[in-house]
Number of protein chains: 2
Amino acid sequence: MAGMSGLMVLDLLREGPGYGYGLRQRICQQSHHALQWQDGTLYPVLRRLEDQGLVTSVWANPPAGRRRRYYRLTPRGQRTWSAQRQQWLRFSGAVNAVLASRS
Amino acid sequence: MAGMSGLMVLDLLREGPGYGYGLRQRICQQSHHALQWQDGTLYPVLRRLEDQGLVTSVWANPPAGRRRRYYRLTPRGQRTWSAQRQQWLRFSGAVNAVLASRS
DNA sequence: AGTGGATACATAGTAGTGCCATGTATGATG
DNA sequence: CATCATACATGGCACTACTATGTATCCACT
């Protein structure tokens, strides 16, 4: 059941490349502020995903503005996303089934 | 987001006292075999819950049959169950909201 | 010019959880 | 009497979430 942060990050990256700070904000927004990660929370996750070959990253050096490290989903990340998503749906469904057994 | 096993055990114990082996089977059944814990998985959970004062346990020495350790919910366990349940609903809802943002 | 706040990335360390392997013992069934 | 299901227990590993901490840059305002 582990790796929820990873799954959500993979999911966000399906839309296209993204960088740490932005991903964190999008998760906060899309969860309607139910998930409020600290600043430092996300980077270990991204590091882990890259170590596992699920994402790749490149530095972006824009002419103006802060430099950012953009992460992109790999084909393997795609497959992992699909598997973990299904796993999450099954797991959360199972938990809800247990909880629902007692109204 | 941690403590899912604990929450489910607390939930089962709301119906009344229960013992390890039986709880494990009920979780397996009520989750429609999606959650299949190993034999040894549950006892550390029960131990932890007891350390935290959420359950109490007594040995049952029946005239016939195996002896069992029955666990019972404490008032504090009640409150914790309520809080963790709500937390789970919020969390799983938030995750689903994030995942649903990309169909 | 300078102060503060938001942006942006990074690492180290800790505590907690889930899970497996392993061990022990008893009751039931054939 | 052998085998299987029942039943409890412990130790340990691996992994994850989270926090604290650090560094640096950009922007807005005064």
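Below, chains carry the letters A, B, ... as their sequence lines are ordered, and counting in each starts from 1. As the structure is a computational prediction, the values presented were derived from the model and not from experiment. When reading the values below, keep in mind they use all heavy atoms of this one structure, side chains included, and skip hydrogens, waters and symmetry mates.
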Over 12 foreign heavy atoms within 6.0 Å of CZ, A:Arg14 | yes
So how far off straight is the helix from C:dA1-D:dT30 to C:dG30-D:dC1, going by the axes through five pairs at either end, to 10°?
-> 30°
Roughly how far, to the nearest 0.5 Å, is CG of B:Leu73 from CG of B:Leu49?
-> 9.0 Å
How is B:Tyr70 classified with respect to the nucleic acid when contacts are heavy atoms under 4.0 Å: base, sugar-phosphate, or nothing?
-> nothing
Is any side-chain heavy atom of A:Arg69 less than 4.5 Å from a side-chain heavy atom of A:Leu46?
-> no
Sorted by number, residues from residues 6-23 of chain A placing a heavy atom under 4.0 Å from DNA chain C are A:Tyr19, A:Gly20, A:Tyr21
Rounded distance (Å) that lies between atom P of D:dA9 and atom CD of B:Glu50 | 9 Å
Closest non-hydrogen contact found for B:Arg76 with B:Gly53 is CB-O, 3.9 Å
Residues in residues 27-44 of chain B with a heavy atom under 4.0 Å of DNA chain D, by number, are B:Asp39, B:Gly40, B:Tyr43, B:Pro44
Roughly, in whole Å, what's the span from CE in A:Met4 to C1' in D:dA17?
-> 12 Å
Provide, to the nearest angstrom, the distance between the CG atom belonging to B:Leu54 and the P atom belonging to C:dG16.
-> 14 Å
Side-chain N or O of B:Gln25 less than 4.0 angstrom from OP1 or OP2 on D:dA7?
-> no
Could you tell me the separation between the OG atom of B:Ser31 and the CE atom of B:Met8, rounded to the nearest 0.5 Å?
-> 8.0 Å
Do A:Val55 and A:Leu10 have side-chain heavy atoms sitting under 4.5 Å apart?
-> yes
Calculate the interatomic distance between A:Arg24 atom CZ and D:dC18 atom C1'; express it in whole Å.
-> 13 Å
Which pairs with one or both residues in residues 41-55 of chain B pass side-chain hydrogen bond (donor to acceptor under 3.5 Å, both in side chains), sequence neighbours excluded?
-> B:Glu50-B:Ser57
Among side-chain atoms of A:Tyr70 and A:Arg68, is any donor-acceptor pair under 3.5 angstrom?
-> yes
Kindly check if the number of other-residue, nucleotide or ligand heavy atoms within 6.0 Å of CZ (B:Arg102) is above 12?
-> yes
Apply side-chain contact (heavy atoms from CB on, under 4.5 Å) to the pair B:Gln36 and B:Arg24, showing each step before the final yes or no.
-> CA-CA 8 Å; B:Gln36 300 195 19; B:Arg24 175 181 156 231; over 6 Å; no
Separation of B:Phe91 CZ from A:Leu35 CG (nearest 0.5 Å) | 6.5 Å
State, yes or no, whether a side-chain contact exists between B:Tyr71 and B:Leu13 at a heavy-atom distance under 4.5 Å.
-> yes
Whole angstrom value for the distance that separates C1' of D:dC15 from CG of A:Asp51 | 14 Å
Quickly work out the A:Phe91 CZ to C:dC19 C1' distance and round it to whole Å.
-> 13 Å
Given atom CD of B:Gln52 and atom P of C:dT17, what is their separation to the nearest angstrom?
-> 6 Å
Just the atom pairs and distances: protein N or O near nucleotides 25-27 of chain C's N or O, under 3.5 Å.
unit_1, atom_1, unit_2, atom_2, d
C:dT26, O2, B:Arg66, NE, 3.2

Heavy-atom side-chain proximity of B:Leu99 to A:Trp88 below 4.5 angstrom | yes
Not counting sequence neighbours, which residues clear side-chain hydrogen bond (donor to acceptor under 3.5 Å, both in side chains) with B:Tyr21? List them please.
-> none
Candidates D:dA7, C:dT17, C:dA10 - which lies nearest the side chain of B:Arg68 | D:dA7
Does the side chain of B:Arg48 get closer than 4.0 angstrom to OP1 or OP2 of C:dG16 through an N or O atom?
-> no
